There are 2 protein chains.
Amino acid sequence: MDIKQSAATSTEEFKRRIFFALSEPGRYTIVRMLYRVGHEMGCGELNQHIEIDKSTMSYHLRTLREIGLVTTRTQGREKFVQLNTDRIDAVLPGLLASL
Amino acid sequence: MDIKQSAATSTEEFKRRIFFALSEPGRYTIVRMLYRVGHEMGCGELNQHIEIDKSTMSYHLRTLREIGLVTTRTQGREKFVQLNTDRIDAVLPGLLASL
DNA sequence: TTGATTGTTTGAAACATTTCTAACTATAAA
DNA sequence: TTTATAGTTAGAAATGTTTCAAACAATCAA
């Protein structure tokens with residue numbers, strides 16, 4: 001079973017998926033950056049700060065979206081990513097602040 | 001590079017390794033159980049509560065030890081596992097309490 | 001000593017993850 | 001319309017992870 005596929009069936013599973021997401025350097029950096037800036041960021045803007053291929057970035061953002069850590073919004077040809085701070089804080093209070 | 005091999009070179013990497021450890025169901029359960037009981041537990045005792053093969057348990061405990069989440073003590077032919085609560089709390093305060 | 005118990009190790013199989021290239025879609029600008 | 005820009009997707013290669021069976025070592029008990 002793929003940890004990032006299919007809906008989380010329990011709070012425990014959701015927590016484990018958050019941990020999975022944060023165990024990879026690129027995703028860890030994305031989440032921390034989104035938390036620190038405190039508002040949504042464009043994919044390109046994120047890519048300027050994190051040195052990975054745009055398709056790899058896309059893959060990681062999809063993973064974060066599937067797990068439920070971020071939501072995205074498309075405007076024109078740009079895409080903006082927002083952190084689901086509340087949802088993460090609800091199950092793992094204080095975690096984001098200590099990244 | 002294997003995330004659980006070689007010393008953590010930074011606090012961030014240590015945090016990521018903790019997340020890696022907790023992303024797997026068996027290890028998550030082991031860590032939560034050790035935290036809740038508040039004292040060391042025997043491998044066999046752990047194995048009674050978690051339905052996995054003893055060799056798989058051994059593998060997970062080695063992973064937890066290599067990352068630095070637990071320490072072990074051998075007495076006779078039994079082995080006791082203790083959670084490094086302080087070390088985890090130092091980098092991710094409150095995490096253990098919210099597992 | 002013999003046999004049971006406790007846990008480790010090795011090696012292989014099965015499976016999951018990450019990364020890249022190349023092709024692609026959609027929007028915007030010239 | 002043509003071209004550039006932003007991001008996605010598919011497929012493949014490389015790598016990492018998990019699990020189990022079988023063999024092993026060490027301790028304890030009869």
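Below, chain A is the first sequence line, B the second, and so on; all start at residue 1. Keep in mind that what you see is a predicted model, and the values were worked out from it rather than measured.
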**Asked** Reckon B:Ser55 has a side-chain N or O less than 4.0 Å from the OP1 or OP2 of C:dT8?
**Response** no
**Message:** Heavy atoms from C-beta onward define the side chain here; which of D:dT19, D:dT8, C:dG7 lies closest to that of B:Glu24?
**Reply:** D:dT19
**Request:** Specify the separation, in whole Å, of atom OH of B:Tyr59 and atom C1' of C:dC15.
**Result:** 12 Å
**Asked** Using a cut-off of 4.0 Å on non-hydrogen atoms, how would the nucleic acid contact of A:Asp53 be classed: base, sugar-phosphate, or nothing?
**Response** base
**Message:** Given D:dT19, C:dA28, C:dT19, identify the nucleotide with an atom nearest to the side chain of A:His60.
**Reply:** C:dT19
**Prompt:** Is any side-chain nitrogen or oxygen of A:Arg77 closer than 4.0 Å to OP1 or OP2 of C:dA29?
**Reply:** no
**Message:** Rounded to the nearest 0.5 Å, what separates atom CD1 in B:Ile18 from atom CG in B:Leu95?
**Reply:** 7.0 Å
**Message:** Measure CD1/A:Ile52 against C1'/D:dT8 and give the value in whole Å, please.
**Reply:** 14 Å
**Interatomic distance where CD belongs to B:Glu78 and P belongs to C:dG7 [whole Å]** = 6 Å
**Prompt:** To the nearest Å, how far apart are A:Arg73 CZ and C:dT27 P?
**Reply:** 15 Å
**Asked** Only one of A:Glu40, A:Gln82, A:Glu78 clears side chain to side chain donor-acceptor pair (under 3.5 Å) with A:Arg73; which?
**Response** A:Glu40
**Message:** Restricting to non-hydrogen atoms, name the atom on A:Gly94 and the atom on A:Asp89 that form the minimum distance, rounded to 0.1 Å.
**Reply:** N-OD1, 3.5 Å
**Request:** Evaluate the side chain to side chain contact (heavy atoms under 4.5 Å, CB included) criterion for residues A:Tyr59 and A:Asp53: first the C-alpha distance (whole Å), next the side-chain angles of each, then the deciding distance (0.1 Å), finally the verdict.
**Result:** CA-CA 10 Å; A:Tyr59 164 75; A:Asp53 191 89; over 6 Å; no
**Fill in**
Separation of C:dA26 atom P from A:Gln75 atom CD, nearest Å, is 19 Å
**Asked** Within this structure, what is the CZ-to-P distance between B:Phe19 and C:dT17, rounded to whole angstrom?
**Response** 18 Å
**Message:** Any N or O donor-acceptor pair under 3.5 Å from the base of C:dG7 to the side chain of B:Lys79?
**Reply:** no
**Asked** What is the distance from CZ of A:Phe20 to P of D:dT17, rounded to the nearest Å?
**Response** 11 Å
**Complete:** Checking A:Val31, A:Val81, A:Leu22 against A:Leu64 for side-chain contact (heavy atoms from CB on, under 4.5 Å), the one that qualifies is A:Val31
**Asked** Think A:Ser58 has a side-chain N or O under 4.0 angstrom from the OP1 or OP2 of D:dT8?
**Response** yes
**Prompt:** Starting at CZ of B:Arg17 and ending at C1' of D:dG16, how long is that distance when rounded to a whole Å?
**Reply:** 14 Å
**Prompt:** Under 4.0 Å between a side-chain N/O of A:Arg27 and OP1 or OP2 of C:dT18, yes or no?
**Reply:** yes
